[in-house]
Amino acid sequence: MKNTLLIYNSLTRKKEVFQSRCSGEVSMYVCGLTTQDHLHLGHAKAFVTFDVIRRTLEYFGNKVTYLTNFTDIDDKIIAKAKNLGEHPQFLAERYIESYFEDVKALNIKPASFYPRASAHLPEIIEMVEVLMNKGFAYEVGGDVYFRVREFPAYGALSGQSLDELKSGARIEPNETKEDALDFALWKSAKPSEPYWNSPWGPGRPGWHIECSAMNLKYLGMGFDIHGGGHDLLFPHHENEIAQSEAYSGQTPYARYFMHAGLFNLRESKMSKSVGNVISLKKVMEIYDPMVVRITLLKSHYSSPMDFYPELLDEGAEALLKLKDFYYHFKMMINQGSNAEHTEDQGIIKTLDSFVTRFQEHLADDFNYAGSLGMLFQLLNDLNQIKGGSKLILGKAMEEIVLALEILGLKVEEDKEVRKIIEMILSYRQDIRKNGKYDEADQIRSSLMDLGLIIQDSPYGTRFYRNTKRNNIR
RNA sequence: GGCGAGGUAGCCAAGUGGCCUAAGGCGGCGGUCUGCAAAAUCGCUAUCCGCCGGUUCAAAUCCGGCCCUCGCCUCCA
């Protein structure tokens, strides 16, 4: 693609022209899950965002290496496992499984690798040792801390000086640290806690070091895009930069930092600690997972999103519109003629304009909300045409399918079940021809009770699954 | 206190100097089409982009001031 791709880079707080480390290849890392619970809508927002970013980069002709991690060593996991009388690794494993179920339902493309913190202890320990040798870290009673004052660029990402950070400090006083802002690279194990052996005694890695260690191992310094939720900007990403650049002596750690806006529930961020979480699995019991996806796609990735009661219903209606068009248009093509049609030239023009605008929005900092708007605009335009040649209508369909693919929206489902329903509908069509409307309406109503939408049209009867399960009567 | 984001129709939301007398989604009202239903379609639903000034031939978009909302600074996607 010849589009110049712009990316808002949190490092410079500006949109920049994207240039990857190697032309045609993009390496990206997305801070993944701390495996302590099921996913909620906030996770979905971040993960869907970076999935579309990845798909867009691929669409623009890049080969993308996409990493997302599991932080499966963590204080909360340990605490929760202890509560349940379960081994922390088992607990982590359950949530990893749950994660895979959810991201699959959301049609998030698989990552190239899913590195786990627990599988990278040697790399982590090596990093900490080097940081100590270079004077960037110190040990106190089995704990190792990063010495933030030794790293002059500390605070660059969050736009804060050390003193500013300190004055806002809600940091627990800790006598053992040289500076309140120093953060843990290694934590000594308390009795009965799981541990790994290290030069500083039994313990476990601190929170931030695992991302650095895995990134440096798989992607190397200066990889292209580092993503995550906006809540990770400080301290997590700030600390990652400090420890990675201090360790390697090179800069930058990552060329572009990108942050997805947070999902808020009634004015407070949806996070574990506040407890106002909407479980993704619960939402997906009620709505088609694609409802979640299209809802998240309706606003800019970097904007925060507020939850309100109608939010998902609106997405459900929007998805229905997409599905209805898809099946309607398919029938129209099937019954189209190969002959040229008076509308053909107009359709070509409409398509060209759509493709241009769709791409322009994506190329401008992945404005998928704008692109989705263009797609709906195209649907409205195509609904107005009286017909077209099979060839041109087919081309339009190809563009739509491609657009849906980039946005990761699946509208077609279960081919097997479709055959059975087609048989039923063909019977219904016969009796309709004979004027037996009461029975035909009865069949339609029964199918709708099963969660199907049935639409009679001059092209035949189309059907697809409803997007909201409690619409099922 | 510091840093950041934002205020666009009934709701959500894109647009950030002229293509804007402002996309798109949801909703509402009226018409067309239809065996019915639904979908679709047509018309109407912001003469205006938080407020006040300024710059400019031209501003929702730039500058200054004010008001308000949200997030981060503590574990979090």
Side-chain angles (χ1 to χ4, degrees), chain A residues 10 13 30-34 36-37 39-50 68 71 74-76 79 155 157-161 163-172 181 207 227-236 238 259-264 267-274 277 294-295 297-300 302-306 308-325 327-328 357 361 364 367-380 382-384 432 435-438 440-441 444-445 448 453-458 461-462:
Chain A
S10 298
R13 280 171 226 110
V30 176
C31 276
L33 190 68
T34 300
Q36 50 154 344
D37 211 335
L39 300 194
H40 57 246
L41 280 176
H43 292 116
K45 176 159 161 62
F47 296 156
V48 165
T49 289
F50 289 105
T68 191
T71 296
D74 167 84
D75 292 3
K76 281 189 184 163
L157 178 65
S158 49
Q160 304 261 306
S161 72
D163 294 328
E164 284 164 347
L165 284 165
K166 218 162 179 176
S167 66
R170 281 185 259 163
I171 301 164
E172 321 163 12
L181 290 168
W207 172 34
H230 200 267
D231 50 349
L232 297 178
L233 195 147
F234 189 89
H236 186 58
E238 189 79 63
H259 292 99
L262 301 180
F263 201 110
N264 300 311
E267 296 170 11
S268 57
K269 188 191 62 171
M270 181 147 25
S271 72
K272 281 272 122 21
S273 47
V274 187
V277 173
I294 200 169
T295 300
L297 258 29
K298 278 168 60 188
S299 67
H300 194 90
S302 65
S303 305
M305 182 174 250
D306 291 315
Y308 55 96
E310 302 81 16
L311 177 70
L312 290 161
D313 285 344
E314 288 171 7
E317 291 302 326
L319 181 62
L320 229 35
K321 187 170 189 156
L322 234 47
K323 282 184 154 197
D324 190 79
F325 179 87
Y327 285 107
H328 156 74
R357 291 173 184 219
H361 277 101
D364 184 6
N367 185 354
Y368 49 59
S371 294
L372 182 63
M374 293 304 107
L375 178 60
F376 276 110
Q377 180 63 260
L378 175 66
L379 262 47
N380 291 340
L382 291 176
N383 268 327
Q384 286 165 42
R432 277 178 81 210
K436 293 185 189 167
Y437 290 120
D438 285 352
D441 289 354
R444 179 173 61 196
S445 148
M448 288 182 75
I453 303 278
I454 311 289
Q455 305 282 12
D456 293 319
S457 84
T461 301
R462 59 183 184 273

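Just so you know, these numbers come straight off a predicted model, no measurement behind them. Every chain is numbered from 1 and lettered A, B, ... according to where its sequence line falls, protein lines coming before strand lines. Excluded from the calculations below are hydrogen atoms, water molecules and symmetry mates; all remaining heavy atoms, backbone and side chain alike, are included.
At a threshold of 4.0 angstrom between heavy atoms, the contacts of A:Thr34 are confined to the sugar-phosphate backbone, with no base atom among them. Using a 4.0 Å heavy-atom distance criterion, A:Arg462 is classed as a sugar-phosphate-only contact. Residue contacts shown for A:His300 are limited to sugar-phosphate atoms, with no base heavy atom under 4.0 Å away. Residue contacts shown for A:Asp324 are limited to sugar-phosphate atoms, with no base heavy atom under 4.0 Å away. Using a 4.0 Å heavy-atom distance criterion, A:Tyr437 is classed as a base contact. Residue contacts for A:Gln160: at a heavy-atom cut-off of 4.0 Å it reaches a base atom on one of the strands shown. A:Ile454 comes within contact range of at least one nucleobase, with a heavy-atom separation under 4.0 Å. Nucleic acid contact for A:Gly229: sugar-phosphate only, since backbone atoms but no base atoms lie under 4.0 Å from a heavy atom of the residue.
The base-pairing partner of B:G4, taking Watson-Crick or G-U wobble contacts with both distances under 3.5 Å, is B:C70. Base pairing of B:A40: its partner is B:U32, meeting the Watson-Crick or G-U wobble criterion (both donor-acceptor distances under 3.5 Å). Across the strands present, B:U21 finds no partner; the criterion is a Watson-Crick or G-U wobble pair with both atom distances under 3.5 angstrom. The nucleotide B:A14 finds no pairing partner, because no Watson-Crick or G-U wobble arrangement with both distances shorter than 3.5 Å includes it.
Using atom P as the reference point in both B:C44 and B:G25, the two lie 16 Å apart (nearest Å).
When the C1' atom of B:U69 is taken as reference, atom CE of A:Met305 falls 17 Å away, rounded to whole Å. Here B:A38 presents its C1' atom at 7 Å from CZ of A:Arg444, a figure rounded to the nearest Å. The distance from atom NE2 of A:His361 to atom C1' of B:G25 is 14 Å, rounded to the nearest whole Å. Taking atom NE2 of A:His230 as the reference point, atom C1' of B:C73 lies 12 Å away to the nearest angstrom. To the nearest angstrom, P of B:C75 lies 17 Å from CG of A:Leu33. Look at CD on A:Glu238: it is 15 Å from P on B:C3, rounded to the nearest Å. Spacing between atom NZ of A:Lys76 and atom P of B:U74 amounts to 14 Å, rounded to whole angstrom units. In this structure, the CG atom of A:Asp37 is 13 Å from the C1' atom of B:A77, given to the nearest Å.
For B:G25, one of the phosphate oxygens OP1 or OP2 lies less than 4.0 angstrom from a side-chain nitrogen or oxygen of A:Asn380. Taking side-chain N and O atoms only, A:Ser303 has no distance below 4.0 Å to OP1 or OP2 of B:A5. Using a 4.0 Å cut-off, some side-chain N or O of A:Gln377 falls inside it from OP1 or OP2 of B:G24.
The side chain of A:Lys321 lies closest to B:C26, out of B:A14, B:A77, B:C26. With distances taken from any side-chain atom of A:Phe376 to the nucleotides B:A77, B:G24, B:G35, the minimum falls on B:G24. Listed nucleotides: B:A14, B:G25, B:A77. Nearest to the side chain of A:Ala318: B:G25. Among B:C3, B:A5, B:C75, the nucleotide with an atom closest to any side-chain atom of A:Pro304 is B:A5. Distance from the side chain of A:Leu165 is smallest to B:C73 among B:G4, B:C73, B:A77. When each of B:C36, B:A40, B:A77 is scored by its nearest atom to the side-chain atoms of A:Asn383, the top-ranked nucleotide is B:A40. Across B:G24, B:C12, B:A14, the shortest atom-to-atom separation from the side chain of A:Ser299 is found for B:A14. For A:His40, the side-chain atoms get nearest to B:A77 when compared with the rest of B:C11, B:C36, B:A77. Ranking B:C12, B:C42, B:A77 by closeness to the A:Glu314 side chain, first place goes to B:C12. Counting only heavy atoms from C-beta on, A:Asp441 has its side chain closest to B:G35 among B:G2, B:G35, B:C26.
A:Asp37 contributes atom CG, which lies 8.0 Å from atom NE2 of A:His43 (distance to the nearest 0.5 angstrom).
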*Take A:His259 and A:Thr49 through the side chain to side chain contact (heavy atoms under 4.5 Å, CB included) test and state the conclusion after the steps.*
CA-CA 9 Å; A:His259 292 99; A:Thr49 289; over 6 Å; no

